[in-house]
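Given the structure is predicted, the values throughout are model-derived calculations rather than measurements.
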Amino acid sequence: DETFAPVAKMTTVRVLLAVAAAKGWHLHQMDVKNAFLQGELEEQVYMVQPPGFHSGKNTSAVCRLKKSLYGLKQAPRAWNAKITQQLRRMGFATSKSDSSLFIRKGRLGPVSILLYVDDLVITGADLGELDRVKLQLAASFDMKDLGDLHYFLGIEVIRTPEGILISQRHYVLSMLFKFGMADCKSVSTPLDRTVKLRPDSGKVCDPTRFRQIVGSLVYLTITRPDLSYAVGVISQFMARPTEEHLQCVQRVLRYVSGTKDRGLLYRTGTAAQLVGYTDADWAGNAADRRSTSGYAFSLGSAAIAWSSKKQPTVALSSTKAEHRGAAIATCEAIWLKRLIKDLQEEVSDPMTIYFDNLNNIQLAKNPVFHAWTKHIEVHYHFVCERVLSGEVELQYVSTDRQTANIFTKPLVLDKLRQFSGALGLRHLDVPNLRGRTVPNDQAREQERSGGDRDTVSDDEFDFGSAKE
């Protein structure tokens, strides 16, 4: 029987926050009490009589469950079906891009609900409409109204006059303390550019500790795109980690320790313009010579989607590596556009994706195959169709301003700062867990004066700068 229950994608969470910040929407949060006890079972499930309960004469009888229980593998799916049914009764429609996102038309604009198991984020422009939705939910389930959104899935959501800041600083502090790195000496970059990791380099270390650290870092990439490449590299050695791999992981923790006050800032009043960057590092992996491709997409002032991933096969040329990465980025761009349209927000055509390879741009615009491009036919056709239809536009950007470089290779400090700033990462004050943090004014003064800093200034780099 089916037991899978959908949950919201983290990209959807960031898109919703970016749109809410741009439009100035209210953000509220609710929690369902004992959610898994409210799902109704479709299957016949029996259980032995619980301790302290006896049916009387027949002590060998079993109980047939009508509703789910915690620990039952069908419980998450049963609860998801129950609340989805109720939201549809309330007039909400399920997004075609993410089944955990529900939208209803309101008097002053859409009202959206994002569902993650038993946590609900409710957003919209009409505060009265949001209150009515919360009353309807409270009438159907035992709910807890948590008020304005401040903390969601380990992510701190902070409203400021500038917009919405998201950070995982509290999670970082807990992680560093757990792994004994709370008082470590910080470093300026997550990876040493001179170190080339290999699967069999050195003595085997404790795999459990290594995997725990890597797993924690993977979750941190929800709000820290600057860690994606480093985490992707060290994740390749989970099966048999060595002491050298562990030292590399500890270096990433030292970098995190020095940049724990960073977060993404989605500004208020920015246009909903979807812009992307994509790049690939051809044959950059020293062990198997596979390429690493990466992309980043912004909506307004900061990144909403990004990826750093080693390609599954060896590319015969840089053209093939770049075009495979372009195909993956184009797929993501199309999905993001549909998701944003589900939120009743228009995205202008064509969507711009920036390349630093002129050959690939000409290849996408030229529907003629040559002998040196016949081996990339499938990826070529997909990207070419989207370009010729006007849905996607590929534009050239110099390598010095190619933001996606941060997802394909280790960078020097200046470039790391530049591209981190372009992704919307900003330095924060020491935040309160319940969300009274504002951008660090002292850090901004250092940025203006050219002093030591962790990020570039807000106006120095942004996603739209390549157009100028």
Side-chain angles (χ1 to χ4, degrees), residues 10 153-154 168-260 262 279-294 306-315 321 324-325 328 404-413 415-416 420:
M10 285 302 163
L153 303 176
Q168 290 174 279
R169 184 178 187 276
H170 182 74
Y171 174 80
V172 168
L173 293 174
S174 300
M175 179 181 65
L176 293 173
F177 179 80
K178 176 181 178 181
F179 297 117
M181 301 288 286
D183 299 320
C184 65
K185 183 178 179 181
S186 63
V187 293
S188 57
T189 59
L191 291 178
D192 186 346
R193 298 176 69 245
T194 62
V195 175
K196 302 294 183 182
L197 296 177
R198 296 180 180 275
D200 54 353
S201 55
K203 181 182 177 182
V204 177
C205 69
D206 179 9
T208 301
R209 175 178 169 81
F210 182 88
R211 292 164 188 164
Q212 288 176 343
I213 297 175
V214 174
S216 299
L217 289 172
V218 168
Y219 195 74
L220 184 56
T221 59
I222 292 174
T223 60
R224 293 292 300 272
D226 56 326
L227 295 174
S228 293
Y229 175 74
V231 174
V233 170
I234 59 180
S235 298
Q236 299 172 26
F237 308 103
M238 299 282 272
R240 187 181 176 276
T242 66
E243 293 292 343
E244 184 178 359
H245 302 150
L246 182 60
Q247 290 176 6
C248 184
V249 168
Q250 290 173 338
R251 180 185 173 92
V252 177
L253 288 176
R254 292 169 61 195
Y255 171 75
V256 169
S257 176
T259 58
K260 56 182 174 289
R262 285 187 183 177
D279 192 28
D281 181 33
W282 179 47
N285 190 290
D288 54 19
R289 288 305 171 190
R290 294 183 185 179
S291 306
T292 301
S293 55
W306 55 82
S307 173
S308 175
K309 189 175 182 180
K310 188 169 75 169
Q311 295 183 359
T313 59
V314 177
R324 183 185 292 274
I328 297 171
N405 272 337
I406 199 173
F407 302 108
T408 62
K409 58 179 74 70
L411 301 174
V412 296
L413 178 58
K415 287 298 178 184
L416 181 65
S420 295

*Asks:* Shortest non-hydrogen contact from A283 to S291?
*Replies:* N-OG, 3.0 Å
*Asks:* Return each pair, listed once, that meets side-chain hydrogen bond (donor to acceptor under 3.5 Å, both in side chains) where at least one residue sits in residues 171-190; pairs must be two or more places apart or across chains.
*Replies:* T189-R251
*Asks:* So which heavy atom on G154 is nearest to which on Y219, and how close?
*Replies:* N-OH, 4.4 Å
*Asks:* Name all residues meeting the side chain to side chain donor-acceptor pair (under 3.5 Å) criterion together with E243; count only those two or more places apart in sequence or in a different chain, and write none if there are none.
*Replies:* none
*Asks:* Please, which pairs that meet salt bridge (Lys or Arg N to Asp or Glu O under 4.0 Å) have at least one residue in residues 281-292, sequence neighbours excluded?
*Replies:* D288-R290, D288-K310
*Asks:* Show the nearest heavy-atom pair for residues M238 and S235, with the distance to one decimal.
*Replies:* CG-O, 3.0 Å
*Asks:* Out of curiosity, M175 CE to I213 CD1, how far, rounded to the nearest 0.5 Å?
*Replies:* 9.0 Å
*Asks:* Measure from the side-chain N and O atoms of T292 to the backbone N and O of K309, and report whether any donor-acceptor pair falls under 3.5 Å.
*Replies:* no
*Asks:* Counting N and O atoms only, with roles assigned by atom type, does the side chain of S201 sit under 3.5 Å from a partner on the main chain of L197, one being a donor and the other an acceptor?
*Replies:* no
*Asks:* Would the distance check show the side chain of S216 and the main-chain N or O of Q212 forming a donor-acceptor pair, the cut-off being under 3.5 Å?
*Replies:* yes
*Asks:* Quick one: does L253's side chain get under 4.5 Å of L217's, heavy atoms only?
*Replies:* yes
*Asks:* Just to verify, what does K409 make a side chain to side chain donor-acceptor pair (under 3.5 Å) with, not counting sequence neighbours?
*Replies:* N405
*Asks:* Distance from M10 atom CE to T223 atom OG1, nearest 0.5 Å?
*Replies:* 10.5 Å
*Asks:* Mind checking the CZ-CD spacing from F179 to Q250? Nearest 0.5 Å is all I need.
*Replies:* 11.0 Å
*Asks:* Applying salt bridge (Lys or Arg N to Asp or Glu O under 4.0 Å), which residue pairs with at least one partner in residues 212-238 are found, sequence neighbours left out?
*Replies:* R224-D226, D226-R262
*Asks:* Ignoring hydrogens and angles, tell me if any N or O in the side chain of E244 forms a donor-acceptor pair with the backbone of V195 under 3.5 Å.
*Replies:* no
*Asks:* Describe, in one word, how the ring planes of F210 and H245 are oriented to each other, choosing from parallel (under 30°), tilted (30 to 60°) and perpendicular (over 60°).
*Replies:* tilted
*Asks:* Under the rule for side-chain contact (heavy atoms from CB on, under 4.5 Å), what residues qualify as partners of P190, not counting sequence neighbours?
*Replies:* A230, Y255, L416
